[in-house]
Amino acid sequence: MNYYLFTIEYDGTDFYGWAKQKNQPTIQGEIEKAISKVARNSKFRIVGASKTDSGVHAKDQKAWVELNFKPNILGFLSALNKTLPLGITIKKIKEINKDFRVRNCRKKTYIYVIKLKETNVFENRFYFFANYEINVFKLKEALDLFIGKHNFLNFSGLKKQELEMIETIRTIDFLNLETFKNKLNITFQAKGFIRYQIRMIMGACLAYSRDKITLKDIKDTLELKRQKLPFIANPEGLTLKKIDY
């Protein structure tokens, strides 16, 4: 068998996330279809580095790919990209060792973009448009609560059966809000994130910035003193920006 690292970018708007699902278009599913068409009767296996949610984008998704043949990399890359649907591109294919662990990265960087005014039809898929006033000071105040090591159980979309297998104690190493004239960029960095974690954090912080909840509500939720908050930010603002090994 032969092993490769795929670097992939995609507009997640038209797809139900990374992970393959029955009867739904997904990023992994479309890549598997493309390989099956380009290399008929081949056997292969794909493992993604990050299971992005439905509607979430990526500039630097990684995938570990096992093939039962050794392709001409440039030709294989070109053929796959001609076969993939609009919105998905494999930027690079690199040969790797079998024991490379694609999910064991050093850090993942996500960015959440909020547009404050002046929508742009050519960019609408890649930011969340806030059609309301955001108190940026309060937004940053709430975001700062999540920096460091916490149990993010109440800021995850994990199902009950998944809790036995997935660790909810995580460390956010870097969380920064940058303000521009017409938009806000919020950057998250950690070794790994749980399903919906960033979107639920953003949902709670935006709710606080609009005086829908108190800072104590967020603190108590994070410290597991109360149930989950009923807020989750829209997926279109979120992009997997970079994975570092």
For this session: Write down the atom of Glu95, the atom of Ile73, and the distance for their closest heavy-atom approach.
Result: N-CD1, 4.4 Å
Exercise. Could you state the interatomic distance from OG (Ser54) to CD1 (Ile27), rounded to the nearest 0.5 Å?
Worked result: 9.5 Å
Problem set entry | Co-membership, hydrophobic cluster, residues Ile198 and Phe15, 4.5 Å side-chain | no
For this session: Decide if atom CD of Glu167 counts as having more than 12 heavy atoms of other residues, nucleotides or ligands within a radius under 6.0 Å.
Result: yes
Exercise. Charged N to carboxylate O under 4.0 angstrom, Arg125 versus Asp11?
Worked result: yes
Problem set entry | Enclosure of Ile169 CD1 (heavy-atom neighbours >12, cutoff 6.0 Å) | yes
For this session: Using the ring pair (Phe, Tyr, Trp, His ring centres under 6.0 Å) rule, collect all pairs that involve residues 80-115, keeping only residues at least two apart or in two chains.
Result: Phe100-Tyr245, Tyr110-Phe193
Problem set entry | Option from Lys94, Lys62, Lys59 for which side-chain hydrogen bond (donor to acceptor under 3.5 Å, both in side chains) with Thr7 holds | Lys62
Exercise. Is the shortest distance from a Lys or Arg side-chain nitrogen in Glu162 or Arg195 to a carboxylate oxygen in the other one below 4.0 Å?
Worked result: yes
Exercise. Any ion pair linking Glu30 and Lys33 (charged N to carboxylate O, less than 4.0 Å)?
Worked result: yes
Problem set entry | Option from Asp173, Thr109, Thr171 for which side-chain hydrogen bond (donor to acceptor under 3.5 Å, both in side chains) with Gln189 holds | Thr109
Problem set entry | Residues Asp99 and Arg101 bridged, charged N to O under 4.0 Å | no
Problem set entry | More than 12 heavy atoms of other groups within 6.0 Å of Phe137 CZ | no
Exercise. Ring centres of His57 and Tyr10 under 6.0 Å apart?
Worked result: no
Problem set entry | Test item: side-chain donor near acceptor, Tyr4 and Glu66, under 3.5 Å | no
Exercise. For atom NZ of Lys242, is the number of surrounding heavy atoms from other residues, nucleotides or ligands below 6.0 Å larger than 12?
Worked result: yes
For this session: Using distance alone, with no hydrogens and no angle criterion, decide if Thr89 and Asn81 have a side-chain donor and acceptor under 3.5 Å apart.
Result: no
Exercise. More than 12 foreign heavy atoms under 6.0 Å from OH of Tyr196: is that the case here?
Worked result: no
Problem set entry | Nearest-0.5 Å distance, CZ of residue Arg210 to CD1 of residue Ile134 | 8.0 Å
Exercise. So with a 6.0 Å cut-off around NZ of Lys228, is the heavy-atom count from everything else above 12?
Worked result: yes
Exercise. Are Lys191 and Asp244 close enough for a salt bridge, meaning some N to O gap below 4.0 Å?
Worked result: no
Problem set entry | Identified side chain to side chain contact (heavy atoms under 4.5 Å, CB included) partner of Leu84 from the options Ile35, Ile31, Ile8, Val38 | Ile31
Problem set entry | Over 12 foreign heavy atoms within 6.0 Å of CD, Glu133 | no
Problem set entry | Between Phe44 and Phe69, ring centroids under 6.0 Å | no
Exercise. Hey, what's the ring geometry for Phe152 with His150, parallel, tilted or perpendicular (30° and 60° as the breaks)?
Worked result: perpendicular
For this session: Examine distances only and state if a side-chain atom of Asp217 and a backbone atom of Thr214 form a donor-acceptor pair shorter than 3.5 Å.
Result: yes
Exercise. Do NZ/NE/NH1/NH2 and the carboxylate oxygens of Arg199 and Asp53 come within less than 4.0 Å?
Worked result: yes
Problem set entry | More than 12 heavy atoms from other groups under 6.0 Å of CZ on Arg40 | no
